[in-house]
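First comes the structure, then the notes that go with it.
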Amino acid sequence: MARCELTHVPRVAIDLTVARHQHEAYERTLSALGCRVERIEADDDRPDSVFVEDAAVVFDELAIVLRPGAESRRAEIPGVARALAPHRPLHWIAAPGTVDGGDVLAVARRVFVGRSARTNAAGVEQLWRILAPFGYSVEAVDISGCLHLKSAVTAAGDHTLLINREWIDASRFSDFSLIDTDPSEPFAANVLRIGDALVCAEAFPRTNDRLRAHGLRVRTVAAGELAKAEGGLTCCSLILEPGARMS
């Protein structure tokens, strides 16, 4: 992990033992919320491979195997594709398109895609071509100051988003109820929704209190070492709804 890709945070020492403990606690939290956790085999030569979300995006009808913007991460793709193949029909992003899963936010049938250093216009167009026949809309969104779209905004409910307005134009989400991150916690917008619960980083208590004040169920986990590798809570898993696959 010391060789991980970094864009917007400084490189500091990562305690691998603590990172493993934090990841194990993350897995236990998912299990406690009703998930069946499947692990992809570790790859010691791929320092970012723990962040499996960047390799694919999953919908009820299909999974899209992505082409990450960082060339060093493209060797992660085969392992993730093998893991998803039993669960969904696979579609693929091809060169010259690039898409990181962290740039893809799906809320019902709307798919927002961040235009970032890792996701380009060709990748966004390919996502649209793949998803449009299934009834999804695809909307490109500009971001600034952060790595991925889901560093700036994530779903907190069916019609509710958690957002850091400093990194994204909130007017693009005018159809939703918006909860703002606390100004002192700019990285707090990345939360993972599992059913009616939100998995949130314990490092952001003020923002977590705002979520609770809106009646949302919050489960906190320690994720500080993973954050040093520029990873958020959504990055560490691909969530598949059971029984959703369509033939």
Side-chain angles (χ1 to χ4, degrees), residues 4-15 18-19 22-23 25-26 29 51 53-54 69 100-108 110-119 139-194 196-237:
C4 63
E5 294 278 350
L6 294 176
T7 303
H8 290 281
V9 299
R11 191 173 299 277
V12 296
I14 297 173
D15 188 318
V18 174
Q22 290 179 349
H23 195 273
Y26 175 87
T29 299
F51 304 124
E53 180 195 42
D54 286 326
D100 274 18
D103 278 322
V104 182
L105 173 63
V107 189
R110 297 178 69 180
V111 181
F112 298 95
V113 185
R115 283 185 289 235
S116 72
R118 305 285 179 88
T119 297
E139 306 173 42
V141 183
D142 291 321
I143 61 174
S144 63
C146 60
L147 179 61
H148 288 136
L149 175 69
K150 283 193 281 195
S151 303
V153 59
T154 51
D158 290 338
H159 305 286
T160 303
L161 305 178
L162 177 64
I163 190 168
N164 176 354
R165 296 173 191 255
E166 294 297 317
W167 290 345
I168 199 163
D169 180 4
S171 68
R172 296 299 306 273
F173 307 100
S174 59
D175 295 339
F176 296 90
S177 296
L178 301 180
I179 302 173
D180 291 283
T181 57
D182 187 273
S184 68
E185 298 172 345
F187 288 94
N190 185 266
V191 298
L192 176 63
R193 186 185 179 202
I194 303 292
D196 67 347
L198 296 177
V199 182
C200 305
E202 67 178 21
F204 309 122
R206 293 180 177 87
T207 299
N208 295 340
D209 284 344
R210 291 186 177 199
L211 294 168
R212 293 186 183 98
H214 282 78
L216 296 167
R217 179 184 171 205
V218 171
R219 292 286 298 265
T220 60
V221 295
E225 296 305 304
L226 299 172
K228 292 177 183 178
E230 210 163 12
L233 297 176
T234 62
C235 300
C236 297
S237 57

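Both backbone and side-chain heavy atoms feed into the values below; hydrogens, waters and symmetry mates do not.
- Here the side chains of Ile168 and Leu149 are in contact, with some heavy-atom distance below 4.5 Å.
- A 4.5 Å side-chain heavy-atom check between Ile143 and Asp103 finds at least one atom pair inside the cut-off.
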* Please test Val191 against Val199 for side-chain contact (heavy atoms from CB on, under 4.5 Å), starting from the C-alpha separation and ending with a verdict. => CA-CA 6 Å; Val191 298; Val199 182; over 6 Å; no

Open item on the list: For Asn190 and Ser151: C-alpha separation, side-chain torsions, deciding distance, then whether side-chain hydrogen bond (donor to acceptor under 3.5 Å, both in side chains) applies.
Closed with: CA-CA 5 Å; Asn190 185 266; Ser151 303; 5.8 Å; no

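- One distance of note links CG of Leu198 with CZ of Arg193; it measures 7.5 Å at 0.5 Å rounding.
- Among Leu216, Thr181, Leu162, Asp182, the one residue that satisfies the side-chain contact (heavy atoms from CB on, under 4.5 Å) test with Arg210 is Asp182.
- Pro205 is listed as a side-chain neighbour of Glu185, based on a closest heavy-atom distance under 4.5 Å.
- Considering every non-hydrogen atom in both Asp158 and Phe176, the closest pair reads O-CE2, 4.3 Å.
- Between Val141 and Asp169, every side-chain heavy-atom pair lies at or beyond the 4.5 Å cut-off.
- Here the straight-line distance linking atom NE2 of His214 with atom CD1 of Ile179 works out to 4.5 Å at 0.5 Å rounding.
- Counting heavy atoms from C-beta on, the side chains of Val111 and Val104 come closer than 4.5 Å.
- In Arg206, the CZ atom is not crowded: 12 or fewer heavy atoms of neighbouring residues, nucleotides or ligands sit closer than 6.0 Å.
- Taking all atoms of both residues into account, the shortest heavy-atom contact from Ala170 to Arg165 is CB-NH1, 3.4 Å.
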Pair Arg118-Leu147, side-chain contact (heavy atoms from CB on, under 4.5 Å): steps then yes or no: CA-CA 8 Å; Arg118 305 285 179 88; Leu147 179 61; 3.8 Å; yes

**Asked** Can Arg172 and Asp142 be said to form a salt bridge (Lys or Arg N to Asp or Glu O under 4.0 Å), step by step?
**Response** CA-CA 10 Å; Arg172 296 299 306 273; Asp142 291 321; over 6 Å; no

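- Residues Pro186 and Asn164 come closest through the heavy atom pair O-ND2, 3.0 Å.
- Side chains of Asp100 and Ser116 form no contact here, defined as non-hydrogen atoms less than 4.5 Å apart.
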Assess the residue pair Glu53 and Ser237 against the criterion (side-chain contact (heavy atoms from CB on, under 4.5 Å)); give the C-alpha distance rounded to whole Å, side-chain angles, the decisive distance to 0.1 Å, and a yes or no. CA-CA 6 Å; Glu53 180 195 42; Ser237 57; over 6 Å; no

#### Entry: Evaluation steps, side-chain contact (heavy atoms from CB on, under 4.5 Å), between Cys200 and Arg219
CA-CA 6 Å; Cys200 305; Arg219 292 286 298 265; over 6 Å; no

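- Residues His148 and Trp167 have side chains not in contact (no heavy-atom distance under 4.5 Å, counting atoms from C-beta outward).
- The shortest distance between side-chain heavy atoms of Thr154 and Leu161 does not fall below 4.5 Å.
- Atom CG in Leu192 sits 8.5 Å away from atom NZ in Lys150 (nearest 0.5 Å).
- A donor-acceptor pair under 3.5 Å is absent between the side-chain atoms of Asn208 and the main chain of Glu202, judged by distance alone.
- Remark: the backbone N or O of Val18 is paired with a side-chain donor or acceptor of Asp15 at under 3.5 angstrom.
- Residues Phe173 and Val153 approach most closely at CZ-CG1, 4.0 Å, considering heavy atoms.
- Side chain of Tyr26 to backbone of Val221: no donor-acceptor contact under 3.5 angstrom is found.
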